[in-house]
J.: 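Before I ask anything, here is the structure I am working with.
All values below come from the heavy atoms of this structure, side chains included, with hydrogens, waters and symmetry mates left out. Every value quoted in this text rests on a predicted model; they were computed, and no experiment measured them.
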Amino acid sequence: MTILIIGGSGYLGSELVRQSAAGGHPTAATFATRPGKAAEVTWHALDLRDPERVEAVMAESAPHVVVNATSGGSDWAITAEGPVRLAMAAAKHGCRLVHVSSDAVFSGARVHYDESCLPDPVTPYGAAKAAAETGIRLSLPDSVVARTSLIIGDRRSTHVRAVHDLAAGTRNGALFTDDIRCPVHVGDLAAALLELASGEANGIHHLAGADAVSRYELGRLIARRDGLDASRLPTGLRADSALPGALDVRLDSRATQRKLHTTLRGARQFLAQGA
């Protein structure tokens, strides 16, 4: 099974590339600015805004399955339109597509969200992710849309790096006590995505960790794992800030977890294990 990882030089993408290659799959991957370091992988430059380049990469790599791990932030052309171009190309070439989406598609009004909940985004990024989900499912009904939450691992993780910087006093800001998510370990997430890619699943799936924690509790867990002084971590309330976005979004991944061999550990577990 040939696997094409879109965004293979990113944090999640790099782990997908590593696990795919380690599993013995012929693996190709794309990059926006520079290729990753995996020598056994075929690397392709790709801008998802360029439909001709999307088509060329699909033709060159001839994948059985595509896993889209890109993130263009609130850039509509990349985050909303790019994945739909990818889905159309996948449909043309007869391959599966697993698309990584986000809990940002939800407003937090319900707090608990399972796979049946409809998106109600409150940020431009969330709106772009929600639009991509709709376009993908229309273009390629057999695709997998996998929503996830904060991705945690080593210091290459945005969230881990922020905790280190805040503890060192080299970054301004605070860890909110009222901003709650269900973080997932990058290794667990990549394994689950590849498991979905190799099967026959389709539709919406939630791939988040089992624990709902605040950004502050997450920061303390990371600090304890990494030997940082947690007392140096500044706290605050997101509700008192000017930052847009949902406060409390808890992805319910139990339905998806029952289908998987991969265990989606909670943050309290995987950070206590030193992962």
J.: Whether R53 and D47 form a salt bridge (side-chain N of Lys/Arg under 4.0 Å from carboxylate O of Asp/Glu) is what I want to check.
T.: no
J.: Could you tell me whether the side chain of K129 reaches within less than 4.5 Å of the side chain of S102, counting heavy atoms only?
T.: yes
J.: In the hydrophobic cluster built from side-chain contacts under 4.5 Å, what are the other members alongside V84?
T.: M88
J.: Of the non-hydrogen atoms in L247 and R181, which two are nearest, and what is the gap between them?
T.: O-NH1, 2.7 Å
J.: Side-chain heavy atoms nearer than 4.5 Å, only ILVMFWY residues, links allowed to pass through others: does that put V186 and L260 together?
T.: yes
J.: Answer yes when R85 and E81 have at least one side-chain N-carboxylate O distance shorter than 4.0 Å, and no when they do not.
T.: yes
J.: Stepwise, does the side-chain hydrogen bond (donor to acceptor under 3.5 Å, both in side chains) test hold for D252 with H112?
T.: CA-CA 7 Å; D252 183 345; H112 299 276; over 6 Å; no
J.: Tell me the closest heavy-atom pair linking A174 and G236, and the distance in Å.
T.: CB-N, 4.0 Å
J.: Could you give the side-chain donor-acceptor pairs of residues 189-198 under 3.5 Å, partners two or more places apart or in another chain?
T.:
{"unit_1": "E195", "atom_1": "OE1", "unit_2": "H261", "atom_2": "N", "d": "3.3"}
{"unit_1": "E195", "atom_1": "OE1", "unit_2": "T262", "atom_2": "N", "d": "3.1"}
{"unit_1": "E195", "atom_1": "OE1", "unit_2": "T262", "atom_2": "OG1", "d": "2.8"}
{"unit_1": "E195", "atom_1": "OE2", "unit_2": "H261", "atom_2": "N", "d": "2.6"}
{"unit_1": "S198", "atom_1": "OG", "unit_2": "L194", "atom_2": "O", "d": "3.3"}
{"unit_1": "S198", "atom_1": "OG", "unit_2": "E195", "atom_2": "O", "d": "3.0"}

J.: Does W76 share a hydrophobic cluster with I6, counting links as ILVMFWY side-chain heavy atoms below 4.5 Å and allowing steps through other members?
T.: no
J.: Mind checking whether F176 and V163 sit in one hydrophobic cluster, side chains of I, L, V, M, F, W, Y counted as touching below 4.5 Å?
T.: no
J.: List the atom of T27, the atom of S20, and the distance in Å for their closest heavy-atom pair.
T.: OG1-OG, 2.7 Å
J.: Rest of the hydrophobic cluster containing F106 (Ile/Leu/Val/Met/Phe/Trp/Tyr, side-chain heavy atoms under 4.5 Å)?
T.: V105, Y113, V249, L251
J.: So which heavy atom on L4 is nearest to which on A29, and how close?
T.: CD1-N, 4.0 Å
J.: So, H93 and E55: side-chain donor and acceptor under 3.5 Å apart, yes or no?
T.: yes
J.: Taking I5 as the starting point, is it possible to reach V41 by hopping between hydrophobic residues whose side chains are less than 4.5 Å apart?
T.: yes
J.: Shortest non-hydrogen contact from R137 to G203?
T.: NH2-CA, 4.3 Å
J.: Taking only residues two or more places apart in sequence or in another chain, which ones pass salt bridge (charged side-chain N to carboxylate O under 4.0 Å, His left out) with E115?
T.: none
J.: Does anything in residues 230-246 form a side-chain hydrogen bond (donor to acceptor under 3.5 Å, both in side chains)? List the pairs, not counting sequence neighbours.
T.: D179-R238, D229-S231
J.: Check step by step if side-chain hydrogen bond (donor to acceptor under 3.5 Å, both in side chains) holds for R225 and Q273.
T.: CA-CA 8 Å; R225 180 197 67 176; Q273 293 172 335; over 6 Å; no
J.: Compare every heavy atom of T177 with every heavy atom of S214, then report the nearest pair and how far apart it is.
T.: CB-O, 3.5 Å
J.: Tell me whether R268 is salt-bridged to E217, with the criterion being a basic N under 4.0 Å from an acidic carboxylate O.
T.: yes
J.: Taking C-beta and beyond as the side chain, do L12 and V100 meet within less than 4.5 Å on heavy atoms?
T.: yes
J.: Quick one: does N202's side chain have a donor or acceptor within less than 3.5 Å of a partner on S143's backbone?
T.: no
J.: Can you confirm whether more than 12 heavy atoms, excluding those of E40, are under 6.0 Å from its CD atom?
T.: yes
J.: Is it the case that over 12 heavy atoms from other parts of the model lie below 6.0 angstrom from the CZ atom of R161?
T.: yes
J.: Restricting to ring-ring contact (aromatic ring centres under 6.0 Å, His included), what partner residues turn up for H206, sequence neighbours left out?
T.: none
J.: If only atom types and distance count, is the side chain of S116 paired as donor or acceptor with the main-chain N or O of D114 below 3.5 Å?
T.: no
J.: Are V67 and V54 linked, directly or through other ILVMFWY residues, by side chains that come within less than 4.5 angstrom of each other?
T.: no
